[in-house]
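On a predicted model such as this, the values are computed, not experimentally measured, just so you know. Convention: sequence-line order gives letters A, B, ...; per-chain numbering from 1.
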Protein chains: 2
Amino acid sequence: MREAEFPQIDKSIVADDGDAFTFCSTCAFSRACLSQGMDKASLRDLHMLVEHVGPLHAGDHVFRAGDPFEAIAAVRAGTVKTYTIDRDGREHVLGFHLPGEVIGLDAIDGDRYPCDAIALDTVTLCRFSFPRISMLAARLPGLQQTLFKLLSRDIGTASVLAGDWSADERMAAFLLGLSRRLAARGFSARHFQLTMGRADIANYLRLAPETVSRVLKRFQDEGLIRVDRREVELVAPDALLAVAGAMLRD
Amino acid sequence: MREAEFPQIDKSIVADDGDAFTFCSTCAFSRACLSQGMDKASLRDLHMLVEHVGPLHAGDHVFRAGDPFEAIAAVRAGTVKTYTIDRDGREHVLGFHLPGEVIGLDAIDGDRYPCDAIALDTVTLCRFSFPRISMLAARLPGLQQTLFKLLSRDIGTASVLAGDWSADERMAAFLLGLSRRLAARGFSARHFQLTMGRADIANYLRLAPETVSRVLKRFQDEGLIRVDRREVELVAPDALLAVAGAMLRD
DNA sequence: CGACCATTTGAGCAGGGTCAAATCAGGTGG
DNA sequence: CCACCTGATTTGACCCTGCTCAAATGGTCG
C-alpha cells in the first residue's frame, strides 16, 4: 500500500564497458551526479562505496550525538528526524529528511556527530564512508561540486528557519516545503502524510504544539488545507504560498 | 590606534625550494591549512590564486544579492555584515564576519549570491575564485577538507541561531561568541568594540532594537558587562555563560 | 549652536506560550 | 463486538515575553 506510492527507487545503468549495475536513483548523490553529467564509470565508482542500510523501524537511531563521525547517508525511503538534546534536557529538532536527502553533513566539522538521527517510520539508507567519498571527490570534480552544493544548500535552509517569522508563515512554509520536496521525488504535491507528530513539527518550527494545532485548524477553516490526523491535503497551495510570504519566495 | 590593536596579519614563509613568500595568516584558509599540516609548496599554490581586495569602507558592498557567484572571500580586517532584503522589503541579517572568517559559502549552491555583504568598517579581504579553489582542492586533500569543514561549521552555527532562545540567552551568547571569535584572532576577549549598530544586532538576534537596549542595560545593572556606546567589557564572562546556557554549551 | 541620527526609556498591547482538561484514535483484553 | 486504556491531539483560559509606538536623551558633525 505504502510501498506502492513509492516511485521507482533503483535504476539500471550499463557502464561504457558493457557492465551493468544497479544504482539507487533516490539518493541525492546519484540525482545530482547524474544531472552534472557524471560519466558511467564514475557512477560505478561511487556505487562501489555505498553501503545499503536498513530497513530501520520507527524509533531506531541512524546515529547518535557523540558517535564518531565516519559516514554521511542519503535517505532512500522513509523519514529521518535529526535533533539534539541540550544540557537542560530540551530537545531541538533540526530537520526532517525525506527520500533523496542527505544527513550527517553537519558532522564533518568535528569528529563526532553533533546530533541524533532517528527513523520516524520504516527507513532505508545509503551510507557513504566520508573519508572514502572525499577521496573519490578529489578525482571526480562533479562529486566534489555536488558535496559542496549539498553543504551550501543546508546553510541556506538553516538561515531561513532562523528568521523571525510568524506562526502562520512558518506553518505555511513548512507544508509547502514538504510538498515541494515530496513532489521532487515523484510523490503527490497535493496530498501527503505527515510522518512526524505535532510535537515534532512544533519543535522544528519553534512553536508550541498547541499553536501548531490551532494554526492547522484555522488553515482548514479558511479553506487552505484539509487535515485529518496526519493526512494533509493542500486545497489552495497558492493561497498558502501567499501566507508563507517572504519565507519561501525570497 | 585601531591598527595597533591588530595582531600580525602576514606571515613570511620560506618554501622548500628556498623561495620566500608572504602569506596572510588571518584568513581561515591559511590557519586551517597550516594546522592541517599542509606543505609549503601547497600553501604557495593557494597563495597564488588569492586576490587581495580593499580597503573597503563602511557601507561598501563586497557583493550583492543576485551578483553572479564567482568567488568566496576571507575577511582579513574589519567586519562584514551579510543580509538579505526579502520581498516585503524587510532586512534579515545573516551574520557578522570577523577577521579570519569566510563569506560567500552559501552561494555555492546556485550561481548567484543569495545575500548582500557589506563592510561595517574598514575592511580588507582575500578573494578566492571558487572554480579555481575547487580545482586546487581536488589536488590538495587538506584544502578540500578545510572547505568541507568551513561549510559544515556554518550549518551548525545557523542551526543554533534557529533555536527558540530567550532574549537573554541570545544576547549573552552573542557577546560571548564575539568575544571568543575575537580572542581566537588575538584580540582581547574581555574588552572590544561592537562594529555594528543596535538595530543590526537586534535584527541578527531576531529581537527588537529596544529589547537589545534593555537587555544590555539589565546585564550592566546586574554586573555582567559594562557598555558604553559601542564599547563592551565582559565583567563576568562566566556568569554570562550561565545566562547563555544551552545555547553555547551544547 | 542646532540638526541629525542612534540609542534609550516608557507605556500599552498581542502573539504565542503555559497549564489543565476534554477528546479521540488505535490497540488490548474480555 | 465492545469496554477500557494509553498516548496524541485539540480546545479553552489565562499570562508573559518581547513588540510597537512614541517621546526623550545624547553624541557627532557641520
To the nearest Å, how far apart are [X] [atom1] and [N] [atom2]?
X       : N       : atom1 : atom2 : value
D200(B) : dA6(C)  : CG    : C1'   : 12 Å
E210(B) : dA6(C)  : CD    : P     : 14 Å
K217(A) : dT23(C) : NZ    : P     : 14 Å
F219(A) : dT10(D) : CZ    : P     : 14 Å
R229(B) : dG27(D) : CZ    : P     : 7 Å
E231(B) : dT7(C)  : CD    : P     : 15 Å
Q220(B) : dT7(C)  : CD    : P     : 15 Å
L207(B) : dT7(C)  : CG    : P     : 15 Å

*Mind checking R206(A) for me? I need base, sugar-phosphate or nothing, with any heavy atom below 4.0 Å counting as a touch.*
sugar-phosphate
*For A167(A), report the nucleic acid contact type (base, sugar-phosphate, nothing); a contact means any heavy atom under 4.0 Å.*
sugar-phosphate
*If only side-chain N and O atoms of R230(B) are considered, is one of them under 4.0 Å from the OP1 or OP2 phosphate oxygen of dT7(C)?*
yes
*Report yes if at least one side-chain N or O of R198(B) is closer than 4.0 Å to OP1 or OP2 of dT8(C); otherwise report no.*
yes
*Report the relative orientation of the aromatic rings in Y204(B) and F174(B); use parallel for angles under 30°, tilted for 30 to 60°, perpendicular for over 60°.*
tilted
*Where does the angle between the aromatic ring planes of Y83(A) and H61(A) fall among parallel (under 30°), tilted (30 to 60°) and perpendicular (over 60°)?*
tilted
*When the nearest nucleotide of DNA chain C is assigned to T211(A) and to L216(B) on a heavy-atom basis, which residue is associated with the more 5' position?*
L216(B)
*Kindly indicate whether the side chain of V123(B), heavy atoms from C-beta on, has any atom under 4.5 Å from the side chain of T79(B).*
no
*Taking C-beta and beyond as the side chain, do T84(A) and L94(A) meet within less than 4.5 Å on heavy atoms?*
yes
*Nearest to the side chain of R214(A) - dT11(D), dT7(C), dC19(D)?*
dT11(D)
_Using the ring centroid of each side chain, check whether F187(A) and F192(A) are separated by less than 6.0 Å._
no
